[in-house]
Amino acid sequence: MTVNSGEELAAQFAEWRAYLGSRRAVHGADVDELEDHLRDTVAELVRVGLRPDEAFLVAVKRMGNQDELAREFAQVHSERLWKQLVLTGAAQAPEPVAARSDVAVALGFAVIAALGVKMPELFGLGFDDGGDFYLRNISFFALVPLAAYLATRRRVTVRVAGVLVTAFAVGVAGANAYPMAHSSQSIVLTALHLPLALWFVVGVAYGGGEWRSHRRWMDFIRFTGEWAIYFVLIALGGGVLTGMTVGVFRAIGLDATPFVQSWLLPCGAAGAVVIAAWLVEAKQSVIENMAPVLTKVFTPLFATAMLAFLVAVLLTGSIIDVDREVLIVFDLLLVVVLGLLLYAISARDPASEPALFDRLQLALPVSAVLIDLLVLLAVASRITEWGATPNKAAALGENVVLLANLTWTAFLLTRFLRRRRPFRHLEQWQTRYLAVYAVWVWCVVLVFPPAFRFA
C-alpha cells in the first residue's frame with residue numbers, strides 16, 4: 001500500500017468515524033468497536049487483492065448504512081435517547097453535571113447579550129434617539145457574546161482569541177468610523193453585510209481556530225442551519241409570550257407595550273442568539289436533525305417556484321426591475337437557495353450513491369443560475385445607462401460571486417450524478433468558496449463606503 005493510498009484510507013476512516021460519531025445514540029466506545037471491525041474487514045479484503053479504497057467501500061457496504069447503525073443503537077440503548085434529550089437525569093451520571101455547567105455558561109453569555117443591547121442607553125443612545133448607532137452596531141451585541149460562548153466551549157488558544165478580538169474590532173471600526181448619513185445607501189449596505197461578515201468570525205470560534213479544516217467548516221454549515229431553525233422557533237414562542245403578556249396586563253388596566261418594546265423584544269432577541277446556539281450544541285437529534293428534513297421539503301418547492309418564475313419571464317417578456325427593494329428580494333432568494341444547497345450537501349452521506357433527491361436538487365442551482373443571469377443583465381444595463389451607485393455595485397458583485405459558486409456547483413453535481421466525480425469534491429468546493437463570501441462581505445463593509453464617498 002503506497003503512502004498516498006494510506007493517507008486516503010486514513011481520511012476515509014476519519015470521515016466515516018466523524019459521521020457515525022455525530023449520531024448521538026452512538027457513544028465513543030461504540031464507534032471504536034465498529035471501527036475495529038471495519039479495519040479488520042478492510043485488511044482482510046486488501047489481503048485478497050482489493051485496493052485500499054475499494055476494500056473500504058466494500059467493508060462499509062457490508063456493515064450497512066450508517067443511519068441504520070444509528071437506528072439500531074437507538075433501539076437497543078433507548079435510555080440514552082432520554083438522557084440526551086432532557087436537561088436532568090440520574091444524579092450519578094456525569095453527563096447531567098456537564099450539561100448543567102454548560103447551561104450556566106450559555107445563560108451567562110445570553111444575559112450579557114441581553115444587557116448589552118441596553119447599555120448604550122446609559123450614554124443617551126436609546127432606540128428612538130440612536131437609530132444610526134443601532135443600525136450600525138446591533139449585530140455586535142448578539143454575535144460577540146455568541147462567539148465568546150463558542151470560544152469558551154472550544155477552549156480556544158490565546159492566539160485564536162486574539163484573532164477573534166481583532167476581527168470584531170475591525171468590524172466596530174468599519175461600522176462606526178465612517179461618516180455615513182442615516183439616509184445613505186452605504187449605511188444600509190453596512191447594516192445588511194456586517195452581520196454576515198461577523199458570522200464568519202463566529203465560524204472561526206465554532207471551529208476552535210481550525211479555519212483551514214474542511215470538516216470544521218462543514219460542521220459550521222450544519223450548525224448554521226440548525227441554529228436558524230432553533231432561533232425561529234424561539235422567536236415564534238417569544239411572539240406568543242409577548243402577546244400573552246400584553247393581554248394579561250391589559251386585563252387589569254396596565255399597558256405593557258412600552259416594556260415589551262423597550263426590554264422584552266430587544267433583550268430577548270439578543271439572548272436568543274446564544275440560547276439557540278446552546279440548543280444546537282446540546283440537543284442534536286439522535287437520528288436526524290430538523291434541518292435536513294426541512295431541506296428535503298423545501299428544495300423541490302423552491303425549485304418549482306423559480307422554474308415557474310422563469311417560465312413567466314419567457315411568456316411575458318418582462319424585464320426585472322432593479323430598484324433596491326427588488327434587488328434585496330432577489331439576493332435573499334439566491335442566498336436561501338444557496339443555504340438549502342449547502343445544508344443538503346452537509347447533511348448527506350458522502351458515500352451514498354446518487355439518488356432521486358440529488359436529481360431534484362440539481363434544479364435548484366440551474367434555475368438559480370438562470371435567474372442570476374437575468375438580474376445581472378438588468379443591473380449591468382442600469383449601471384451602463386445611469387451610472388454606478390453603492391446599491392447597484394453591491395448587487396452586481398454579489399450576483400457575480402453567487403453565479404460563480406452556483407455554476408460550478410451545478411457542474412459538480414451533474415458530474416456526481418453521472419458518476420464522474422465523488423461527492424466529496426462538491427463538499428470541498430463549498431467549504432473553500434466560503435472564503436470568497438467572507439472576503440466579499442468584508443469588502444462591502446470596509447471598502448464600499450469610502451469608494452463611493454459614503455453616499
Side-chain angles (χ1 to χ4, degrees), residues 22 24 106 109-110 113-114 138-150 153 191-207 216-241 265-266 268-285 287-303 305 328-348 361 364-365 368 398 402 405-406 409 427 430-431 433-434 437-438 441:
S22 68
R24 299 295 284 265
F109 281 109
I138 192 65
S139 55
F140 290 105
F141 296 117
L143 296 185
V144 171
L146 173 59
Y149 165 65
L150 293 173
R153 279 185 56 89
L192 291 174
H193 289 80
L194 184 59
L196 298 175
L198 297 180
W199 192 253
F200 286 103
V201 183
V202 172
V204 175
Y206 178 86
R216 295 303 291 167
W217 281 111
M218 189 57 68
D219 289 342
F220 182 63
I221 291 172
R222 298 186 188 99
F223 168 84
T224 300
E226 291 293 323
W227 177 89
I229 290 178
Y230 279 120
F231 185 80
V232 170
L233 291 175
I234 294 173
L236 292 174
V240 174
L241 172 64
L265 289 180
V273 170
V274 179
I275 297 302
W278 166 73
L279 287 171
V280 175
E281 294 280 278
K283 302 297 159 199
Q284 291 176 338
S285 173
I287 304 300
E288 195 170 37
N289 295 320
M290 293 178 290
V293 178
L294 294 179
T295 299
K296 290 184 178 180
V297 171
F298 283 101
T299 291
L301 294 178
F302 269 88
I328 291 174
V329 169
F330 274 103
D331 286 342
L332 286 176
L333 172 64
L334 294 174
V335 168
V336 169
V337 169
L338 179 65
L340 287 172
L341 285 169
L342 283 175
Y343 205 88
I345 290 170
S346 71
R348 190 187 188 283
Q361 194 178 13
L364 269 183
E398 285 161 7
L402 287 168
N405 188 13
L406 292 168
T409 297
E427 288 184 319
Q430 299 301 337
T431 54
Y433 204 82
L434 291 176
Y437 290 120
V441 293

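None of the values given here were measured: they were computed from a predicted structure.
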Problem set entry | Contacts of type side chain to side chain donor-acceptor pair (under 3.5 Å), residue Gln361, not counting sequence neighbours | none
Problem set entry | Main-chain N/O of Gly203 paired to Arg216 side chain as donor or acceptor, under 3.5 Å | no
Exercise. Between Leu402 and Leu338, is any pair of side-chain heavy atoms under 4.5 Å apart?
Worked result: yes
Exercise. Any side-chain heavy atom of Leu233 sitting closer than 4.5 Å to one from Ile229?
Worked result: yes
Exercise. Going by the angle between their ring planes, with limits at 30° and 60°, are Trp217 and Phe220 parallel, tilted or perpendicular?
Worked result: perpendicular
For this session: Mind checking side-chain contact (heavy atoms from CB on, under 4.5 Å) for Leu301 and listing every partner two or more places apart, or none if nothing turns up?
Result: Val297, Phe298
For this session: Please identify each residue that fulfils side chain to side chain donor-acceptor pair (under 3.5 Å) with Gln430, with sequence neighbours left out.
Result: Asn405, Thr409
For this session: Sequence neighbours left out, what passes salt bridge (Lys or Arg N to Asp or Glu O under 4.0 Å) with Arg153? Give chain and number order.
Result: Asp102, Glu281
Problem set entry | Closest non-hydrogen atom pair between Leu434 and Phe200, with its separation | O-CE2, 3.6 Å
Problem set entry | Leu192: partners by side-chain contact (heavy atoms from CB on, under 4.5 Å), with sequence neighbours left out | Val188, Ile328
Seminar exercise, completed: The ring-ring contact (aromatic ring centres under 6.0 Å, His included) partners of Phe302 (sequence neighbours excluded) come to none
Problem set entry | Pairwise distance CG(Leu340) to CD1(Ile345) - rounded to 0.5 angstrom | 11.0 Å
Problem set entry | Over all atoms of both residues, closest heavy-atom pair of Ile275 and Ala106 | CD1-O, 4.4 Å
Problem set entry | Qualifying residues under side-chain contact (heavy atoms from CB on, under 4.5 Å), relative to Ala303, sequence neighbours excluded | Ala363, Leu364
Problem set entry | Where Pro145 and Ala142 come nearest, the two heavy atoms and their spacing | CD-O, 3.3 Å
Exercise. Got a sec, which residues hit side chain to side chain donor-acceptor pair (under 3.5 Å) with Ser139, two or more places apart in sequence or on another chain?
Worked result: none
Problem set entry | Partners meeting ring-ring contact (aromatic ring centres under 6.0 Å, His included) with Phe231 (sequence neighbours left out) | Trp227
Problem set entry | Distance-minimising heavy-atom pair for Ala147 and Ala205 | O-CB, 3.6 Å
Exercise. Rounded to the nearest 0.5 Å, how far apart are CG of Leu279 and CD of Glu226?
Worked result: 10.5 Å
For this session: Could I get the full list of side-chain contact (heavy atoms from CB on, under 4.5 Å) partners for Leu265, not counting sequence neighbours?
Result: Thr242, Val260
Exercise. Which atoms form the tightest heavy-atom contact between Val441 and Ala197, and what is the distance?
Worked result: CG2-CA, 3.6 Å
Problem set entry | CG-CG distance between Leu198 and Leu143, expressed to the nearest 0.5 angstrom | 5.5 Å
For this session: Look up atom CG in Leu241 and atom CD1 in Ile234, then write down how far apart they are to the nearest 0.5 Å.
Result: 12.5 Å
Seminar exercise, completed: When rounded to the nearest 0.5 Å, the distance separating OH of Tyr437 from CD of Glu398 is 10.5 Å
Seminar exercise, completed: Of all heavy-atom pairs linking Ala277 and Leu146, the shortest is CB-CD1, 3.3 Å
Exercise. For Thr224, what residues pass the side chain to side chain donor-acceptor pair (under 3.5 Å) criterion, not counting sequence neighbours?
Worked result: Trp199
